[in-house]
There are 2 protein chains.
Amino acid sequence: MFTAYTDAAGPLTRERVLAAAGRVAERDGLDRLSMRTLARELGVSPMAMYRHVKNKDDLLDGLLDRLLAELPLPPESDPWQARLRFMAAELRALARRHPQLFVLLLQRPAVGSDAVRTRDAVEHALREAGIGPEEAARLQRLLSTVVIGFALSEVSGRFAGLDSDREFDAAVDLLLDAVVA
Amino acid sequence: MFTAYTDAAGPLTRERVLAAAGRVAERDGLDRLSMRTLARELGVSPMAMYRHVKNKDDLLDGLLDRLLAELPLPPESDPWQARLRFMAAELRALARRHPQLFVLLLQRPAVGSDAVRTRDAVEHALREAGIGPEEAARLQRLLSTVVIGFALSEVSGRFAGLDSDREFDAAVDLLLDAVVA
DNA sequence: ACCTGAACACCGTTCAAGT
DNA sequence: ACCTGAACACCGTTCAAGT
């Protein structure tokens, strides 16, 4: 009558493991995501998952890849300012949709193809703004550090009691002004 | 002949517990700091420490307070630009001295008196730059988010292979230019 | 007053075994 | 091929007991 199965559709796959991990992380908190709680969520023994993820680090890397794959890129036809604002807003929206998973961005290097795609889009916009290649790479890192840092601060309660939309918008405005100048 | 005692000077105090915790965190990594490894470091049973820290969260809060207490403030006689650069450089030096503990700054809100002291010094400098109270508070958060975000990125390997001194200096320059403009 | 031992409910991961 | 059970070396924390 009762089984522990919460999510028993077909055989276990990497995608099913990662989807369940994302669900658990956002529902219960990233620090409550363990191989054992995840196995419980999937109605499976912990060891069954080791077919699909090498270990917990590999699981977290997979979650980070999945997260960045969700980030849309701006239309190439837009002017560079609009593209940068678009990406800042989308990164912010991503952080709001997945506040727990977003923390992974500052906790481990993102090396997947979607991470590269995102960085390239920002650098490309900065190059169009007339900025040289090295400076554009540095600005890209500055911008992403700020956006990620703000989102993480919000999640971790460092900005408790503040209007974080305003905080975020003010930061982006200041930085884009700095880029233009 | 042999004992487990590594640090057996006198009775256990909160200060001795925190000092040992900082040592373990920097030596073995923040994620390897456990109540049990810390007890081993102190040559004591884990439960002995619960006299001096309420729980592990209280231990981490104590570590964060101790970290910020180490941050020097700039001479009040200096002009505001010099004071901001001084603080950025000192925060950076603090991150280099305690890369593991520094991560705590983005992981939990800093509420101790030294945290307040530091934020006030930055805001005060910004007010002297002619910036209004709300804007100064926001800029203070932006500046600290950037500095902390960069230091954390470095520790977590997000900037692997880059000259992080250059990264940091370029970020501070750009932000201070933005403040002036 | 200060510390400890045993216990409870957890971790990640390996290894041999089951179907 | 795919999954499991038992085991190992860990966690944070409580509670009753020892000196």
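Lettering follows sequence order; numbering is per chain, from 1.
In this structure, A:Arg14 places its CZ atom 18 Å from C1' of D:dC2, rounding to the nearest Å. Atom CZ of B:Arg51 is separated from atom P of D:dT13 by 17 Å (rounded to the nearest Å). Atoms NZ (A:Lys56) and P (C:dC11) sit 9 Å apart, rounded to a whole Å. Atom CG of B:Leu42 is separated from atom C1' of C:dC3 by 13 Å (rounded to the nearest Å). One interatomic measurement links the two molecules: CG of A:Leu38 to P of C:dT13, which rounds to 12 Å at whole-angstrom precision. The distance between atom CG of A:Asn55 and atom C1' of C:dC11, rounded to the nearest whole Å, is 14 Å. To the nearest angstrom, P of D:dC11 lies 11 Å from CE of B:Met49. With rounding to whole Å, A:Asp31 atom CG is found 12 Å from C:dG12 atom P.
Under the Watson-Crick or G-U wobble criterion, with both distances below 3.5 Å, D:dA16 is paired with C:dT4. Partner assigned to D:dC11 is none, using Watson-Crick or G-U wobble distances below 3.5 angstrom.
Atom NE2 of A:His52 has more than 12 heavy atoms from other residues, nucleotides or ligands within 6.0 Å. Residue A:Arg97 qualifies as enclosed at atom CZ: its count of foreign heavy atoms under 6.0 Å is above 12.
Position along DNA chain C of the nearest nucleotide to A:Thr37 versus A:Met47 favours A:Thr37 as the more 5'-ward residue. Sequence order on DNA chain C of the closest nucleotides to A:Arg32 and A:Lys54 puts A:Arg32 first from the 5' end. With the nearest nucleotide of DNA chain D identified for both A:Arg36 and A:Pro46, A:Pro46 has the one nearer the 5' end.
The side chain of A:Arg40 places an N or O atom within less than 4.0 Å of a non-bridging phosphate oxygen (OP1 or OP2) of C:dC11. For the OP1/OP2 pair of D:dT14 and a distance below 4.0 Å, the side-chain nitrogens and oxygens of B:Tyr50 include no atom meeting the criterion.
Within 4.0 Å of B:Ser34, counting heavy atoms only, lie sugar-phosphate atoms of the nucleic acid but no base atom.
Side-chain proximity of A:Ser45 to D:dT13, C:dT13, D:dT4: nearest is D:dT4. Closest contact between the side chain of B:Ala48 and the listed nucleotides C:dT13, C:dT4, D:dC3 involves C:dT4.
Here the side chain of B:Arg16 pairs a donor or acceptor atom with the backbone of B:Pro11 at under 3.5 angstrom. Panel note: side chain B:Arg108, backbone B:Asp57; a donor-acceptor pair is recorded below 3.5 Å.
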Check the pair A:Val147 / A:Arg92 against side chain to side chain contact (heavy atoms under 4.5 Å, CB included), numbers first and verdict last. CA-CA 7 Å; A:Val147 172; A:Arg92 170 106 179 96; 5.6 Å; no

